[in-house]
Amino acid sequence: MKILPDYEHMEYRDVYTCLLHQYRHILGLWQPDIGPYGGLLNVVVDGLFIIGWMYLTPHDPHVDEPMRLKPVFRIHLMERKSATVECMYGHKGPHNGQIQIVKKDEFCTKCLQTDYHRMSGGRQEEFRTWLREDLGRTLEDIFHEHMQELILMKFIYICQYDNCLTYRRIYHPLSQPDDLLCPGFFKGTYGSHGLEIVMLSFHGTLAKVTKITGDPNVPACQQTLEIDLTRPVQLPDVEHLRNFDEMSRLVLDVQAQIHREQRLTGSDEEDGREVAAVRGEPGRPLLPVKRPEDKDANKVGAEENDEQEAPAHSFVLPDGVTARSEEYPRSCKMCFYGTGLIAGHGFSSPERTPGLFILFDEDRFGFIWLELKSFSLYSRMRDKFQRADAPSQAAFDEMLQNMQSWTT
């Protein structure tokens with residue numbers, strides 16, 4: 001029985017007509033509808049295949065390590081010159097699947113042989129395998145009862161979607177020359193929830209960080225961080241920075257100033273994002289970080305640009321602030337006031353709480369959650385994406401607005 005397509009007898013016209021043209025609308029970036037957990041799928045042309053790659057974060061807490069890729073489906077031509085869809089889940093090899101384009105920017109996959117997903121040892125073997133491959137853990141590693149519950153809950157939830165999944169299109173954020181740093185996708189630490197994928201984008205004087213993957217407290221598609229770029233925070237020296245109360249006072253002073261200005265101007269806008277115009281302050285009081293591509297540009301005026309680059313400031317986490325790892329940068333470029341979204345289980349009683357956004361370099365930033373006394377470190381995904389940019393800023397903003405309704 002012939003398993004692989006007979007490419008020698010295929011013409012480019014057949015490949016284009018039966019494969020590329022028929023499935024051109026599913027190329028690009030997508031988010032699977034897996035309840036609060038979400039995900040990131042990249043559909044690409046790879047030779048004579050179209051492959052859907054799911055992006056998995058590195059194992060917690062190694063946020064600087066590269067992403068891991070897992071194929072979830074592939075499409076190719078068989079001898080009869082018709083496209084064949086194969087599901088790639090499980091450990092028994094490719095098997096029959098279906099793809100249905102539901103509407104613009106949405107499609108569904110369905111597995112037609114779900115027995116290929118099952119293992120001889122039943123759910124217990126499947127759970128141990130998933131735990132080892134996806135999370136890099138074993139049952140013996142997990143001592144904390146709350147973490148055990150979170151991991152088991154995620155496995156049970158994901159199993160409900162292993163035969164049928166809906167995907168919605170998402171875009172890579174557009175970049176502007178005056179952005180603080182290049183927007184894009186990052187991996188971030190979220191306490192006992194492990195590593196999650198987020199998207200950094202810029203909107204005038206605001207930076208927004210949106211969850212691409214999530215958890216039962218704050219699900220995917222929600223805006224996890226909002227940074228006011230008109231509110232820089234000047235850090236004290238390292239010895240004073242170690243004092244949590246000292247650092248907290250700096251952030252809360254900014255929050256109090258925002259509230260005073262809101263009362264003064266009668267603004268109801270959250271976190272005083274419009275009062276910069278009233279104060280007459282520029283939208284970006286501090287300079288963008290020099291990007292890697294800038295270093296290779298024409299060196300005319302390079303010395304002037306070097307003088308403008310923000311100097312590094314020594315950084316250390318305040319005593320009492322928890323982090324997933326002690327491996328975080330010990331110097332930063334600049335800091336800003338921001339708010340982070342916290343919630344109870346099931347996204348109950350969500351609220352934005354104050355915190356400190358720390359820009360370490362072009363590829364890493366952090367956030368100190370004052371109320372949680374916790375630190376999240378974010379590291380850029382270095383993967384390259386094709387057909388992923390939004391067609392316009394308006395289209396990206398519309399997508400961002402729609403995303404929040406996907407998991408609520």
Side-chain angles (χ1 to χ4, degrees), residues 1 3 19 22-23 25-44 46 49-57 68-78 82-135 137 149-170 194 196-197 212-216 219-221 346 403 405-408:
M1 183 174 107
I3 297 178
L19 184 67
Q22 181 178 352
Y23 289 99
H25 296 300
I26 71 169
L27 299 177
L29 293 178
W30 303 83
Q31 185 178 51
D33 181 4
I34 313 179
Y37 300 105
L40 181 63
L41 178 84
N42 189 23
V43 183
V44 300
D46 186 354
F49 287 84
I50 291 177
I51 303 178
W53 294 99
M54 192 72 78
Y55 281 76
L56 304 178
T57 60
R68 298 172 295 132
L69 276 68
K70 180 179 182 180
V72 293
F73 66 81
R74 71 180 186 183
I75 313 169
H76 59 91
L77 294 185
M78 300 298 283
S82 62
T84 295
V85 177
E86 293 178 322
C87 176
M88 303 289 285
Y89 274 105
H91 293 78
K92 298 180 181 179
H95 46 284
N96 291 335
Q98 284 183 346
I99 288 181
Q100 179 184 3
I101 299 176
V102 180
K103 57 183 179 181
K104 185 178 183 293
D105 296 335
E106 185 175 319
F107 75 94
C108 293
T109 59
K110 183 177 182 180
C111 177
L112 302 180
Q113 293 178 285
T114 55
D115 56 304
Y116 274 70
H117 303 181
R118 307 281 77 87
M119 302 185 79
S120 59
R123 285 296 192 193
Q124 186 173 8
E125 183 183 359
E126 293 166 17
F127 176 61
R128 286 183 176 273
T129 302
W130 172 81
L131 195 62
R132 182 180 66 254
E133 294 181 352
D134 283 37
L135 303 185
R137 303 279 189 102
E149 293 174 354
L150 290 174
I151 290 174
L152 183 58
M153 185 189 312
K154 183 174 183 178
F155 174 73
I156 293 173
Y157 211 105
I158 289 175
C159 286
Q160 299 174 15
Y161 290 86
D162 71 346
N163 66 329
C164 187
L165 263 178
T166 297
Y167 297 88
R168 299 184 180 94
R169 183 179 296 281
I170 60 175
E196 298 184 9
I197 303 172
I212 301 302
T213 62
D215 53 70
C221 301
M403 284 179 70
S405 66
W406 294 350
T407 55
T408 55

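Atom CG in Asn96 sits 7.0 Å away from atom CD in Glu86 (nearest 0.5 Å). In this structure, Ile99 CD1 and Phe107 CZ are separated by 5.5 Å, a value rounded to the nearest 0.5 Å. With rounding to the nearest 0.5 Å, the separation of CD in Gln160 from CZ in Phe155 is 11.0 Å. Atom NE2 of His76 sits about 5.5 Å away from atom OG1 of Thr84, to the nearest 0.5 Å. Separation of atoms CZ (Phe127) and CD1 (Ile151) is listed at 6.5 Å; rounding is to 0.5 Å. The distance from atom CE of Met88 to atom SG of Cys111, rounded to the nearest 0.5 Å, is 12.0 Å.
At least one side-chain heavy atom of Val72 sits less than 4.5 Å from a side-chain heavy atom of Leu41. Leu150 places none of its side-chain heavy atoms less than 4.5 Å from the side chain of Asp215. Taking the side chain as every heavy atom from C-beta outward, Arg74 and Ile51 approach each other to under 4.5 Å. In this structure, the side chains of Tyr37 and Pro216 come closer than 4.5 Å at one or more pairs of heavy atoms. With a 4.5 Å cut-off on side-chain heavy atoms, Gln22 and Ile75 do not count as touching. Put simply, the side chain of Met119 does not reach to within 4.5 Å of the side chain of Arg128, judged on heavy atoms. At least one side-chain heavy atom of Ile50 sits under 4.5 Å from a side-chain heavy atom of Val43. With a 4.5 Å cut-off on side-chain heavy atoms, Ile170 and Leu40 count as touching.
At least one donor-acceptor pair closer than 3.5 Å links the side chain of Gln31 to the backbone N or O of Ile212. Judged purely by atom type and a 3.5 angstrom limit, His117 uses its side chain to pair as donor or acceptor with the backbone of Asp162. A donor-acceptor distance shorter than 3.5 angstrom exists from the side chain of Arg68 to the backbone of Thr57, with no hydrogens or angles considered.
The two residues Ala83 and Tyr23 come nearest to each other via the heavy atoms CB-CE1, 3.6 Å. Looking at every heavy atom in both residues, Tyr55 comes nearest to Ile197 through O-CD1, 3.9 Å. When all heavy atoms of Arg169 and Gly28 are compared, the pair lying nearest together is NH1-CA, 4.0 Å. Here the closest non-hydrogen pair linking Gln113 and His95 is OE1-CB, 3.3 Å. Considering all non-hydrogen atoms of both residues, Asp33 and Leu165 come closest at O-CD2, 3.7 Å. The shortest heavy-atom contact between Asp115 and Lys92 is O-NZ, 3.3 Å.
Residues passing the side-chain hydrogen bond (donor to acceptor under 3.5 Å, both in side chains) test with Trp53, sequence neighbours excluded: none.
With respect to the salt-bridge test (charged N to carboxylate O, under 4.0 angstrom), the residues Glu126 and Arg123 qualify.
Counting heavy-atom neighbours within 6.0 Å of Tyr116 OH, excluding the residue itself, gives a total of 12 or less.
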